[in-house]
Structure formats: C-alpha cells, structure tokens
Amino acid sequence: MAMAPKKSKRDLIIEAAIQVLSRKGYHSTKMEEIAVVAGIGKGTIYEYFPGKLQLLQEILERSFYMYDNSLKADISNSLPFKQKIRALIEGHFRFCQRNKDLTRILFFDTDVIDSELRDWAWQNSKLKEESLQSLVKAAISNGEIRNLDAKMLTVIIIGILGSIWVPIAIEGWDIDAAAAADQITNIIMNGIQK
C-alpha cells in the first residue's frame, strides 16, 4: 500500500491555522497556538509567513481558488440555466460541508482583513457576481427565464448562497447537498406561490 505524500511545512501551517482561526477568531489566535497544532516550532512559521495577516491572506487566496475550482468543474457552458444554478448551489453546499473550518474563516471573521486584503476579496466577489450576472443575462436572452432585472436576480442568488454557510458551518446542519440544491433551485425557478 502506498503511503500518502508527506505534507510540506507550509501546508501543515496553513491547515493548523485554519483549525485555530476557525475556533478562536483572528484576534484571539496566537502564532504559538498554530505552531503547536502544526507540530512545529513558532519560529518555523515566520520562515514561511512574516505575520498572522499574511498567513490569513494565503488561506483566503487558497480558499477562493479551491471554491472557484470546485464550482467551475460542475458548471458547463452547455448546461441549461436551471442546471447551472442547481450545480452552483450544490457545489456551494458541498464546499461548506467539506470545509467547515475554512468556511467559518471566509464568512465569519471578515472584520480582521486589512484594506489591501479587503479590496482583493471585494474584487474577487465582484468577478463572481459579474460571472453570475452574465449567466442570468444569457438565460434571459435565450428565453430560459422571463425578463427580470438581471442584477436583482443575481443579488438574490448570491444572498441565498451567502446565507447557507451559517447553518452548515456554525450550527452543524447536516443536509443532503443534492436534495437541498434541488429544493432551492425549484424555489428560484418556480417561486413559492402555490
């Protein structure tokens, strides 16, 4: 049986930081605590990261990349709008379920981000919004959905996705991602009126 490849110290530090930051928050976390969880000396962290903010920045950059890749893999340009939205919702559910600690950091402790990191995160979220709005506009244009305010529908969908993480990552909501995606997609596509 092949052994799993040994993790780099950088990866050990990042994984430990995710665990500690998600439990204690940015301001309450000390580098010594991250070092203990990583099983390394505190000084080793500083060989890879000048400080806690840079460590957080690396975590956020990696997480945005992971999140984007997990969603892009499921959303093909050839899919109808309804299936794209369903895949987006299911992918979001699965990401939050598989990365609860990371999800808490991404969505819960955002007041710690410095202005440069906040601008970077804002630009990333705007790109995601523009991408989703393009999907909505295309669906309107080709008659898949009725002529709605594309920005409004985009904001609503983003709001739905943004609210899902709390019950999963904070409250421990254990729900089948596919079934939840089906139900939410149905609500988006058909409304709630009887």
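What you see below is based on every heavy atom in this structure, not just the backbone, and it leaves out hydrogens, waters and symmetry mates.
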Discussion item. Assess, by modelled atom type and distance only, whether the side chains of Glu61 and Gln57 contain a donor and an acceptor separated by less than 3.5 Å.
Written reply: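 The criterion, which ignores hydrogens and geometry beyond distance, is satisfied for Gln57 and Glu61.
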What is the distance from atom [atom1] of [X] to atom [atom2] of [Y], rounded to the nearest 0.5 Å?
X: Glu129; Y: Asn124; atom1: CD; atom2: CG; answer: 13.0 Å
X: Ile160; Y: Ile188; atom1: CD1; atom2: CD1; answer: 4.0 Å
X: Leu102; Y: Cys96; atom1: CG; atom2: SG; answer: 9.5 Å
X: Ile168; Y: Arg104; atom1: CD1; atom2: CZ; answer: 11.5 Å
X: Phe49; Y: Arg10; atom1: CZ; atom2: CZ; answer: 4.0 Å
X: Tyr46; Y: Lys52; atom1: OH; atom2: NZ; answer: 8.5 Å

Would you find a donor on one side and an acceptor on the other, under 3.5 Å apart, between the side chain of [X] and the backbone of [Y]?
X: Gln19; Y: Ala16; result: no
X: Ser134; Y: Glu130; result: yes
X: Ser141; Y: Lys137; result: no
X: Asn99; Y: Phe95; result: yes
X: Lys151; Y: Gln133; result: no
X: Gln97; Y: Trp173; result: no
X: Asn186; Y: Asp182; result: no

Worksheet item: With a cut-off of 6.0 Å (strictly less than), are more than 12 heavy atoms of other residues, nucleotides or ligands near NZ of Lys82?
Response: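 For Lys82, atom NZ is not crowded (no more than 12 foreign heavy atoms under 6.0 Å).
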Discussion item. Does Asp174, at its CG atom, have more than 12 non-hydrogen atoms belonging to other residues, nucleotides or ligands within less than 6.0 Å?
Written reply: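 Not buried by this count: 12 neighbours or fewer within 6.0 Å.
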If two hydrophobic side chains count as joined below 4.5 Å and joins carry through other members, does [X] share a cluster with [Y]?
X: Met66; Y: Ile18; answer: yes
X: Leu161; Y: Trp122; answer: no
X: Ile187; Y: Ile158; answer: no
X: Leu88; Y: Tyr65; answer: no

Worksheet item: Does NZ or CZ of Lys9 come closer than 6.0 Å to the centre of the six-membered ring of Tyr48, within 45° of the ring's axis?
Response: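 Here Lys9 fails the 6.0 Å and 45° test against Tyr48.
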Can you see which heavy atom on [X] is nearest to which on [Y], and at what distance?
X: Asp176; Y: Ala179; value: OD2-N, 2.7 Å
X: Leu135; Y: Phe81; value: O-CD1, 3.7 Å
X: Lys24; Y: Thr29; value: CB-OG1, 3.6 Å
X: Ala169; Y: Thr103; value: CB-CG2, 3.9 Å
X: Glu33; Y: Ser28; value: OE1-O, 3.6 Å
X: Ile105; Y: Ala17; value: CD1-O, 4.4 Å

Practice prompt. May I ask you to test the Val37-Leu12 pair for a side-chain heavy-atom distance under 4.5 Å?
Written response: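 When only atoms from C-beta onward are counted, Leu12 and Val37 do not touch, as no gap falls below 4.5 Å.
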Discussion item. Do Ile164 and Ile184 make a side-chain contact, defined as non-hydrogen atoms from C-beta onward lying under 4.5 Å apart?
Written reply: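 Answer yes - side chains close enough.
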Worksheet entry | Step-by-step side-chain contact (heavy atoms from CB on, under 4.5 Å) determination, Ile89 to Lys84 | CA-CA 9 Å; Ile89 294 166; Lys84 287 178 185 175; over 6 Å; no
Worksheet entry | For Leu132, the option from Val155, Leu153, Leu127, Ile85 that meets side-chain contact (heavy atoms from CB on, under 4.5 Å) |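 In the set Val155, Leu153, Leu127, Ile85, the residue that makes a side-chain contact (heavy atoms from CB on, under 4.5 Å) with Leu132 is Ile85.
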Practice prompt. Walk me through it: do Ile145 and Met189 pass the test side-chain contact (heavy atoms from CB on, under 4.5 Å)?
Written response: CA-CA 8 Å; Ile145 60 176; Met189 297 301 293; 3.7 Å; yes
Worksheet item: Can we say Lys128 and Asp68 salt-bridge, meaning some charged N sits less than 4.0 Å from an Asp/Glu carboxylate O?
Response: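 Asp68 and Lys128: salt-bridged.
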Practice prompt. State whether Asp119 and Lys126 are salt-bridged, where the test is any N-O pair (Lys NZ or Arg NE/NH1/NH2 against Asp/Glu carboxylate O) under 4.0 Å.
Written response: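 A salt bridge is absent here (no side-chain N lies under 4.0 Å from a carboxylate O).
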Fill in: side-chain contact (heavy atoms from CB on, under 4.5 Å) between Val20 and Val36, intermediate numbers included
CA-CA 10 Å; Val20 178; Val36 167; over 6 Å; no
